[in-house]
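A short write-up of the structure that comes next.
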There are 2 protein chains.
Amino acid sequence: MYTGSVTSELRTVLGDLISVNNRLTRLAASVSGNTESPAIWRTIVVLRDLGPMRLGELARVSRVSQPTMTKLVHTLDERGWIRRIADAGDARAWLISADPSGLAALAAWRDEVTAALEPTFDDLSDDEIATLAASVEIVRSRLERAREALREGKSA
Amino acid sequence: MYTGSVTSELRTVLGDLISVNNRLTRLAASVSGNTESPAIWRTIVVLRDLGPMRLGELARVSRVSQPTMTKLVHTLDERGWIRRIADAGDARAWLISADPSGLAALAAWRDEVTAALEPTFDDLSDDEIATLAASVEIVRSRLERAREALREGKSA
DNA sequence: CAGTATACATAGCCAAGCTATGTAACTATC
DNA sequence: GATAGTTACATAGCTTGGCTATGTATACTG
C-alpha cells in the first residue's frame, strides 16, 4: 500500500547498496580482530587522498560535525597518526596532515581486514572482481561529486 | 617495507570496497535527516529476509554480540517494530519476529535515504546501475555464504 | 574600535559496540 | 531425581562515534 514510493530502479539499487554495505561492515568488523574504529580510517583515507586541510573542511568532507572531527583528530594525534600544522595567516586554524605512521597503520589495517575477508570471497571470478572494482569507482566518483557540490554550496 | 602484504587484485578491491562503503554510509546519513541508526534497520532487514529467529541467532547472523542484540531488540520492541514470541518448549528463549509496522518503518526509511541520495546518482547510465546491482548481488551471496559457514561452525 | 563572523574546543547527551557476569532453564549423569 | 554442567537471555559497566549547544579566540568589516 506504499502509495507514495516511486521505486525506480536507481532508488532500489541505492537502497540495496546501503543495506548490503551495512551488513558487510559488520562482517568485516567481526572477522577481523578490528579494535580500531572505521571513523579513524575514514579520516586518514580522506587526508591521504585529498591532502592536508583544515579541521573544519575535513569534517565537511568526512560528513561529520565539527565537534566530532575535533574528537577524531584528537584521537589520531594521540596515536601520532596525523600532524597539526599551525596555519600561517590564520591563528585560529590548523592544517591537519596524515603522518606516515598513520598511513602505515592504515595499510596494516587494510591488510588485516582484507586477509580476514578473503576466504569468503576467494572464489570470485575475474569478471566478478572487475564488477566490484567498477562499482567502487562509480561510488567513488559520486562521493567526489557530492564533495564538489559541498564546495560550491559553501562558496555560493 | 610491507614485506608480508600480498596485494592481490581481490584484496585491493575488498579494501577499497570497505573504504568506499564507509564514506557512502556517512554521505547517506548526512544527506537524509536520519536520526535512526543503521543497526536498527540492519536488524529488521535480517528478520524480514530470514524470518523469525531466536535472539542469539539474530545476534550471530547480524554479526554483533548477544548483549548488543538484547539492547537492539529492546529498542525495537519499544517502538513496536518487532514482536517477542515465547518459544514453546524452551522457556529461556524468544522468537523475534518483524512486526508489520517495523517493515513499514524500514520502507519509509529506505524511501527517505534513496530520495536524498538520488540527486547525487541520477545521471548514472543503465549500465552503471546494472553494475551496482550486480555488485550488490555478489556481496549478498557472500554474506549468505558467511552465514552458512557460521551455521556449520555451530553444528560441527 | 565596535560588532559580527569564523575556526576550533568544550560540555553533555545518546546509541552502538564490546567483555564480564548474573539468572533462569534445559540436559545429562549418576 | 538431585546435582553439575551448559545454554539463552539480561544486566552492568565501559569506550567510541555521533549529535547539538555553547564557549573562546582570532579575523574581518563598518
Side-chain angles (χ1 to χ4, degrees), chain A residues 22-23 25-46 52-79 81-96 109 154-155, chain B residues 22-23 25-44 46 52-79 81-82 84-96 109 154-155:
Chain A
N22 207 337
R23 291 177 61 193
T25 298
R26 286 307 312 153
L27 178 63
S30 64
V31 295
S32 68
N34 186 14
T35 67
E36 219 62 64
S37 73
I40 292 293
W41 308 123
R42 187 179 60 232
T43 305
I44 299 179
V45 164
V46 168
M53 67 184 76
R54 290 181 173 193
L55 191 145
E57 195 190 349
L58 185 53
R60 280 189 298 274
V61 171
S62 298
R63 298 276 173 174
V64 299
S65 68
Q66 171 261 307
T68 295
M69 187 49 70
T70 295
K71 277 201 273 187
L72 286 171
V73 164
H74 186 70
T75 303
L76 284 161
D77 199 23
E78 279 178 343
R79 284 170 179 57
W81 290 351
I82 53 112
R83 273 176 296 184
R84 308 177 70 123
I85 302 158
D87 188 335
D90 190 338
R92 297 167 304 176
W94 301 91
L95 283 178
I96 312 297
W109 169 76
K154 250 297 162 193
S155 58
Chain B
N22 207 337
R23 291 177 61 195
T25 298
R26 287 306 312 153
L27 178 62
S30 65
V31 297
S32 69
N34 185 15
T35 68
E36 219 62 64
S37 71
I40 293 293
W41 308 122
R42 187 179 61 232
T43 305
I44 299 180
V46 169
M53 67 184 78
R54 289 179 174 195
L55 191 146
E57 195 190 350
L58 185 53
R60 281 189 298 275
V61 171
S62 298
R63 298 276 173 175
V64 299
S65 69
Q66 173 262 308
T68 295
M69 187 49 70
T70 294
K71 275 202 275 187
L72 286 171
V73 163
H74 185 70
T75 302
L76 284 161
D77 199 22
E78 279 178 343
R79 284 170 179 57
W81 289 352
I82 52 113
R84 308 177 69 124
I85 303 158
D87 188 337
D90 190 339
R92 297 167 303 176
W94 301 92
L95 283 178
I96 313 296
W109 169 76
K154 250 295 161 193
S155 57

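Chain letters run A, B, ... following the sequence lines, proteins first and then strands; every chain starts at 1. In what follows, every heavy atom counts, from backbone to side chain, and hydrogens, waters and symmetry copies are set aside.
- We find that CD1 of A/I40 is positioned 5 Å from P of D/dG17, with the value rounded to whole Å.
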Distances for protein N or O near nucleotides 20-29 of chain C N or O, under 3.5 Å:
residue: C/dC26; atom: OP1; partner: B/A91; partner atom: N; Å: 2.7

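- With sequence neighbours left out, the salt bridge (charged side-chain N to carboxylate O under 4.0 Å, His left out) criterion links A/D77 to no other residue.
- A/W94 has its CH2 atom 11 Å from the P atom of D/dT26, to the nearest Å.
- For B/A93, taking side-chain heavy atoms from C-beta onward, the closest of the listed nucleotides C/dA7, D/dC9, C/dG17 is D/dC9.
- Residue-level contact check: A/I96 touches neither bases nor backbone, having no heavy atom under 4.0 Å from any strand.
- Between the CD atom of A/E78 and the P atom of D/dT15 there is a distance of 13 Å, given to the nearest Å.
- Partners of A/T70 according to the side chain to side chain donor-acceptor pair (under 3.5 Å) rule, which considers only residues two or more places apart in sequence or in another chain, are A/Q66.
- Applying the ring pair (Phe, Tyr, Trp, His ring centres under 6.0 Å) criterion to A/W94, with sequence neighbours excluded, gives no partner residue.
- Here D/dT16 is the nucleotide among D/dT20, D/dT16, C/dG17 with the atom lying nearest to any side-chain atom of A/S37.
- Considering every non-hydrogen atom in both B/S62 and B/M69, the closest pair reads OG-CE, 3.6 Å.
- Dashed line: the shortest gap from a side-chain N or O of A/R60 to OP1 or OP2 of C/dA7 is not under 4.0 Å.
- Going from atom CZ of A/R26 over to atom P of D/dG17 covers 14 Å, rounded to whole Å.
- Take A/R54 and apply the salt bridge (charged side-chain N to carboxylate O under 4.0 Å, His left out) test, not counting sequence neighbours, and it matches A/D87, A/D90.
- Distance, A/H74 NE2 to C/dC8 C1': 14 Å, rounded to whole Å.
- For A/S30 (side chain) and A/L27 (main-chain N/O), a donor-acceptor pair under 3.5 Å exists by modelled atom type.
- Spacing between atom CZ of A/R42 and atom C1' of D/dT16 amounts to 12 Å, rounded to whole angstrom units.
- Taking atom CG of residue B/L72 and atom C1' of nucleotide C/dG17, one finds them 9 Å apart after rounding to whole Å.
- Between B/R84 and A/S65, it is B/R84 whose nearest contact on DNA chain D lies nearer the 5' terminus.
- In terms of phosphate contacts, B/T68 brings a side-chain nitrogen or oxygen within less than 4.0 Å of OP1 or OP2 of C/dC18.
- Atom NZ of B/K71 and atom P of C/dT19 are 12 Å apart (whole Å).
- Residues satisfying the salt bridge (charged side-chain N to carboxylate O under 4.0 Å, His left out) criterion with B/R79, sequence neighbours excluded, are B/E36.
- For A/T70 and C/dC8, the shortest distance from a side-chain N or O to OP1 or OP2 is not below 4.0 Å.
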